[in-house]
Structures are given as C-alpha cells and as structure tokens.
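The shown structure was predicted, so the numbers you read here are calculated from the model rather than taken from an experiment. Below, chains carry the letters A, B, ... as their sequence lines are ordered, and counting in each starts from 1.
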Number of protein chains: 2
Amino acid sequence: MAVSLPIAELRTPCLLLDEEKMRRNIEVMRDGLKRLGVPLRPHVKTAKCIEAARAMVEGQPGGITVSTLAEADFFLRHGFTDILYAVGIAPGRLPQVAELASRGACMSIILDSVEAARAVADFTAPTGVEIGVFIEIDSGGHRAGVDCRDPVLIEIARALAPARSARLQGVLVHAGQSYDCADTECIAQVAEEERRQAVAAAEMLRASGFDAPIVSVGSTPTATFARSLEGVSEVRAGVYVFHDLVMAGLGVCTIKDIAMSVLTTVIGSSAGKVVVNAGWTALSRDRGTSSHAVDQFYGLVCDADGTPLGDLVVRETNQEHGVIGRRDGSPFEASRFPVGTRLRILPNHACATATMHDRFQVLRDGVVMDEWKRCGGW
Amino acid sequence: MAVSLPIAELRTPCLLLDEEKMRRNIEVMRDGLKRLGVPLRPHVKTAKCIEAARAMVEGQPGGITVSTLAEADFFLRHGFTDILYAVGIAPGRLPQVAELASRGACMSIILDSVEAARAVADFTAPTGVEIGVFIEIDSGGHRAGVDCRDPVLIEIARALAPARSARLQGVLVHAGQSYDCADTECIAQVAEEERRQAVAAAEMLRASGFDAPIVSVGSTPTATFARSLEGVSEVRAGVYVFHDLVMAGLGVCTIKDIAMSVLTTVIGSSAGKVVVNAGWTALSRDRGTSSHAVDQFYGLVCDADGTPLGDLVVRETNQEHGVIGRRDGSPFEASRFPVGTRLRILPNHACATATMHDRFQVLRDGVVMDEWKRCGGW
C-alpha cells in the first residue's frame with residue numbers, strides 16, 4: 001500500500017523501517033558473500049515480509065529459509081517456491097509440509113534424530129510426497145543438532161533411505177554461539193568451526209555412500225566474519241536485513257545501520273523520568289544486550305528523526321508503558337521531553353521486536369511511503 | 001467457532017484455555033469483592049477476548065478497562081460501551097478516543113500532568129466530545145501518576161475545567177508494586193496504601209470544589225488481599241481471569257488455578273535435554289518469576305493433560321525453540337520425552353504469553369470445544 005505521510009501523522013506505537021538502510025545492509029551482506037563465492041539463502045524470520053524478502057533474494061538463487069510453516073505458506077502464496085524450514089520438524093506438522101509441497105513448494109525440513117527420520121520416512125513412504133531433508137549439526141551452540149563425528153549421522157541417513165521421496169539433501173548448522181562472542185576475532189573462529197564441522201559431517205555421510213550435496217551454514221555474525229567458506233554450498237542469515245543493538249554490540253554493524261525502530265510518544269514526564277507508550281507489547285521483553293559491555297536495557301532512545309539521544313535507554317517496560325532514563329540511572333532533564341514528544345526506540349533484537357507488530361511503516365527520506373505487512377503465527 | 005477436537009489433533013505451538021478453571025477464577029474474584037461491597041471493572045488486557053470478557057462482567061455493572069484503543073474498538077464492536085482506557089493518554093490519540101465516543105462508547109481516559117490535561121481541554125473544547133477523565137495517582141509503584149498530597153492534583157483539575165465536555169471522573173491508582181511483595185501480608189498492606197492514597201486524593205479534589213465521584217483502584221494481587229475498600233468506587237483487575245506463575249509465586253493463586261498454557265511438541269531429545277517447538281514467539285521472553293523464591297525460568301512443564309512434571313521448566317528460549325531441563329540444571333531422563341511428545345507449558349505472565357497468540361483453543365473436559373479470537377495492536 002503506497003502512501004505519503006509525515007511521521008508526525010502516524011499513530012504510536014508503531015514499527016518504522018528505513019528502506020534505504022535496509023537496502024544498504026542487504027548490499028553489504030551480498031557483497032561479502034560474493035567475495036567468498038557462496039550464495040545466500042536468506043532467513044526471512046526477522047522480516048516475515050514479502051517486500052523485504054524480495055530485496056534479500058535479489059541476485060541470489062532465490063531460495064529462502066523460514067522458521068515457521070505459517071511463513072512457508074505466506075511466502076509460497078507470494079511466489080517463493082524454494083523453502084527450507086529450519087526448525088527441527090515436529091512429526092505432527094508433516095501433513096502441512098506435504099500440503100505446501102502439493103501446492104508447488106520445493107520444501108526442505110531439518111531433523112537431528114533417528115526417531116524423527118523414521119517419522120519422516122513413515123510419513124513420506126505411502127504418500128510419495130517429495131521432501132528434502134537436512135541433518136542438523138551442532139557445532140557448539142548446544143541447542144539442537146548432532147556432533148559432526150557422531151556415527152548417529154549415518155544411522156539417521158539410513159533411517160531416511162527407505163523413503164525415496166524424502167531426499168537427504170545434506171547437513172545444516174547454525175552457530176548460535178556466535179551471539180556470545182566478545183569480539184569479532186571470536187566470531188571468525190566460530191565461523192570457521194561452523195564451516196569445518198558442517199563439511200566434516202557431509203564428508204562422513206558421503207564416505208558412507210550417501211548423497212549429501214548441500215552444506216548449509218550460517219548466522220548473521222558468522223556470515224559477516226567468515227574468512228573461508230570452502231566446501232559450503234549456501235549461507236543462511238536473516239537479522240542483517242535490519243540489524244539491531246545486539247549486532248551493534250557484537251561489532252557486526254554500527255548503531256547507524258539499524259534500519260528498524262519503534263516510534264513512540266511521551267505520555268508522562270516528571271523529575272528524572274519520562275514515560276512513553278511503548279511497553280513490552282511494542283518493544284518485546286528481549287534483553288539481548290544485558291550481558292554486553294554496553295547494556296541497552298529495553299532499547300536505545302533516539303529523537304523522532306532517529307538520532308540517538310546520548311545514553312538514554314528504555315530502563316523498564318510494562319505492558320503498554322516504557323520508562324526512559326539514563327543508562328547509569330543518574331538524573332536527566334525530563335523537561336526536554338514534554339507530553340506528546342515523539343521518540344524512536346532502537347531494538348535490542350530485531351526479530352523479537354518485529355514479532356510484536358503486524359506491519360512496517362516504510363520510510364524513504366524520512367517520509368512514510370509504504371506499509372508492508374508481516375506474517376505471524378505458526 | 002464451536003468445534004470438538006481432541007488436543008492431540010491441534011497444531012503446535014498453540015494457546016490452550018481451560019474454561020472451567022477460568023470460570024472458577026472469575027467466581028473467586030467476584031465473591032471476594034462482593035464481600036467487600038465494591039463492583040469490579042475487569043481489565044481485559046490479559047484476555048483481549050470477547051467471550052472471556054463477557055464472563056468477567058457477569059454480575060457486574062458491565063464496564064471494562066482496556067490497555068489500548070485497539071481493545072476499545074474491538075470491545076465496542078461487540079457491545080461493550082463503558083470503557084476506561086487506563087494508560088496515560090498520548091495527545092495524538094485523542095481523535096481515536098473521540099471517534100470511539102461518536103460510535104456510542106462512554107470513554108474515559110487517564111492522565112497525570114497539567115500539560116496532558118491542557119491537551120485534552122484544547123481538544124475537547126471545540127469538538128464538544130464527551131470524555132471522562134481520571135487523574136492517575138502514584139501510591140508507590142513509581143511508574144506513572146502524581147502523589148496524593150501533591151497540589152498539582154488541583155492544577156490538573158483546573159486545567160480540565162474549561163472543557164466542560166471533558167468530565168473529571170475522579171482518581172485512579174494501580175499499585176504495581178504489589179508484584180514485588182514477598183508475602184500476602186505485604187500485598188494486604190500495599191492494598192491498604194492503594195486505597196488510602198486514592199481516597200485521600202479524591203478528598204483533596206472534593207475539598208477544592210471539584211466533582212471527583214469515582215475512586216478506581218486495583219491489581220489482581222491487591223484486589224485479592226484487600227481487607228477494606230472503604231471509599232473505593234470500583235476495582236480493576238485482569239490477570240486473575242487466567243492466573244499465572246507470577247500470581248502463584250505471590251500466593252495469589254495455586255499452580256492448579258492457572259487456566260492458560262501453551263501446547264508444544266518435542267522436536268529433539270538427547271542426553272539430559274529436551275527441545276520443544278515453543279520458543280519466545282509462543283511463550284514470550286517474560287521472566288517474571290526470576291526474582292521469586294521458585295524461579296520458573298520461561299515456564300513450568302506439564303504433561304499433555306496439564307499436570308506439572310516435577311521441577312522441569314523451559315530453561316532457555318530462542319525464536320522457535322524451547323529447551324527443557326530441571327530447575328537446578330541437574331540431569332534428567334530425556335528419553336521419557338521422545339520426539340513427538342506433547343507437553344503444556346504454564347506461563348510466567350499470562351498477559352505476555354497471550355500477547356504472542358491471536359486465539360485461544362478452549363478446553364472443556366480436556367477437549368477443544370471452541371476457538372476464541374483475541375485482538376492485538378494498538
């Protein structure tokens with residue numbers, strides 16, 4: 001929906017997206033991976049938005065990564081057909097995967113156990129539905145996945161073999177531990193471990209006679225600081241599209257690169273404290289920078305044009321209230337922000353903040369020029 | 001939408017509501033306030049659901065409290081006309097308040113500053129739109145509101161006076177500090193302070209010649225443990241409708257009273273760790289019990305029928321992953337929960353968890369008998 005509206009006329013709270021910054025972030029990631037010679041399969045779980053995803057796949061093979069089957073359905077309805085659902089499959093959701101495949105999606109799923117592989121084989125064998133399968137590898141994040149040296153890899157591949165329509169595509173790893181790095185050298189090392197272990201796992205499968213053509217790795221930090229992607233077929237990354245305070249804290253971007261913010265209005269202003277109408281329903285409860293050198297609390301406060309206001313952060317959130325104060329809690333001149341003042345809040349975690357909203361107000365040259373819908377649910 | 005579906009057929013994650021428990025929670029609150037002789041104006045920000053709100057106002061005058069104008073619009077469209085919007089008004093949202101009033105809503109708003117009162121007076125004077133106004137009092141929560149002894153109360157009332165259509169209704173207080181109490185005796189004391197200060201503020205206004213007929217107080221904890229509500233006109237409370245682990249930790253309810261849960265499926269199971277498909281998009285990032293004697297992490301794990309499984313909690317959440325473990329982190333037999341197992345997670349904070357969902361799957365006798373929509377946005 002194309003519009004042309006001054007920010008001052010938007011109802012608050014709402015989610016702003018600076019399209020120019022978004023496009024620059026996309027270019028930076030694209031150029032970086034081009035140098036390493038590996039295509040990108042963008043993760044659309046941050047954007048959940050057709051227009052943003054179209055910009056992300058430009059110049060790439062066109063495949064996307066999703067975090068829910070609701071995203072898969074939404075993007076399929078808008079012409080995206082190569083879809084990797086990168087959360088371990090719940091067997092009860094296989095009928096929806098099949099339904100998406102029957103509508104023309106080239107669907108891939110991931111799993112990390114023999115029992116899940118058997119459930120997939122049992123489901124696909126009678127139906128003949130074509131589903132790609134990746135085995136998830138744990139390169140140190142310890143959330144999901146199997147160790148790249150664990151012989152269970154072969155057992156999982158064997159459990160899939162009877163179901164010829166469930167094609168083993170290869171291996172997939174997400175080095176979530178890159179978010180715990182203190183510096184970019186650490187991220188580069190995590191990226192190398194992610195690459196090395198994924199390639200090793202694929203080679204183990206190939207040495208046992210399994211076709212495992214694809215090695216899929218990625219996260220925004222490792223995609224940004226990887227020095228080599230030898231043996232890697234594709235990189236997944238998502239949050240780079242908007243960036244956020246966590247990425248800035250890791251050195252992956254600067255504060256100026258953050259393309260997404262929450263527009264809010266001052267509803268109370270008294271000695272040393274300013275209350276705005278953006279609480280956790282607008283900002284999320286994410287405190288991703290709480291362990292960083294610079295704690296941004298619930299978000300960094302900017303003026304209505306997006307320029308940070310020193311060390312002002314959202315110190316507390318309730319359902320519909322945010323309380324603004326200085327990072328160190330010391331007094332500040334609240335009278336600078338009378339009731340009605342508009343402010344922007346930069347998010348700790350773009351995925352979490354965006355999830356609280358069903359649309360973006362898209363800014364070009366500081367004017368709202370479009371409204372882009374987001375999908376939600378599962 | 002009436003249905004009849006075994007829980008086993010629901011797609012996960014999704015939000016379950018045990019209707020019988022909800023109705024019992026509503027009865028308990030109603031009976032308690034009846035003994036104190038004060039009517040309830042339920043806060044619908046937890047439920048955001050027509051069917052639940054109808055049960056909450058049964059036997060009450062019928063007015064509701066909302067936290068967003070989107071809720072006001074949603075409930076007005078379904079026949080609720082007496083609506084108190086209990087978040088400090090952003091002047092830019094006054095046209096929406098007027099629009100709701102023009103559609104038949106008896107709208108009240110709240111504010112806590114002379115500048116906001118002037119903005120309301122300036123808006124209503126030319127339009128003649130009828131809006132009720134409460135002055136917010138801070139009884140110790142230190143989020144919003146003015147001190148009950150502060151003469152600014154009179155200045156605020158004076159600033160409203162020129163706008164005859166903006167009627168001063170009285171004072172409103174929410175003792176949010178009741179959530180920080182260590183025991184129920186503390187809550188009872190906070191309730192008494194809430195009552196005493198609200199009544200004192202109203203009396204100050206009345207002594208200065210202002211009509212301030214209504215004294216509105218409340219929160220679920222203080223509404224539960226108040227010993228007297230003398231001078232109080234109405235009580236607001238919302239989370240009691242479902243209750244949650246924060247309320248159980250405060251002694252306001254028991255774990256068995258919690259009517260809301262998230263249904264999830266095991267997607268990975270290995271030594272000492274079980275991964276489910278409910279991450280923070282389904283549970284929220286709320287860690288409301290982190291300072292309690294019993295830390296419930298991201299939620300208490302129950303079997304598919306809703307019975308707690310000892311000390312298993314959701315220890316970590318990512319966007320679509322929850323990691324289950326024992327509260328103290330010690331090993332447990334993960335093999336009890338193979339891939340595909342269904343579990344229910346009780347929420348820390350019902351408002352926050354419900355916000356992540358657009359509907360409830362309503363259970364009667366353990367069977368899904370209905371689907372109730374929720375409203376979102378602002």
Evaluation steps, side chain to side chain donor-acceptor pair (under 3.5 Å), between B:R285 and B:T317: CA-CA 8 Å; B:R285 270 284 192 200; B:T317 51; 3.3 Å; yes
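Taking the six-membered ring where tryptophan is involved, the planes of B:W280 and A:H349 are perpendicular, since the angle between them exceeds 60° and thus also 30°.
Applying the side-chain contact (heavy atoms from CB on, under 4.5 Å) rule to A:A159 yields the partners A:V114, A:A117, A:R118; only residues at least two apart in sequence or on another chain are considered.
For the pair A:R287 and A:Y298, the cation-pi criterion (under 6.0 Å, within 45° of the ring axis) is fulfilled.
Looking at A:E9, there are no atoms closer than 4.5 Å to chain B (heavy atoms on both sides), in backbone or side chain. Interface remark: A:A352 contributes backbone and side-chain atoms alike to the contact with chain B (heavy atom separation under 4.5 Å). B:E320 touches chain A through backbone and side chain together, each having a heavy atom under 4.5 Å away. With a 4.5 Å cut-off on non-hydrogen atoms, A:S67 touches chain B through its backbone and its side chain both.
Contact annotation for residues 336-345 of chain A against chain B (heavy-atom separation below 4.5 Å, listed by residue number): A:P338, A:V339, A:G340.
Here the closest heavy-atom approach between residue A:H357 and residue A:A282 is recorded as NE2-O, 2.8 Å.
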List the atom pairs, donor and acceptor, that lie under 3.5 Å between side-chain atoms in residues 142-152 of chain B and the rest of the protein, sequence neighbours left out.
residue	atom	partner	partner atom	Å
B:H142	ND1	B:D138	OD2	3.2
B:H142	NE2	B:G140	O	3.4
B:R143	NH1	A:N318	OD1	3.1
B:R143	NH1	A:H321	ND1	3.4
B:D147	OD1	B:R149	N	2.8
B:D147	OD1	B:R149	NE	2.9
B:D147	OD1	B:R149	NH2	3.4
B:D147	OD2	B:R149	NH2	3.0
B:D150	OD1	B:V152	N	2.9

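Of the listed residues A:T265, A:N277, A:T281, the one with more heavy-atom pairs under 4.5 angstrom with chain B than any other is A:T281.
Pairs passing the salt bridge (Lys or Arg N to Asp or Glu O under 4.0 Å) check and including a residue from residues 83-99 of chain B, sequence neighbours excluded, read B:E99-B:R103.
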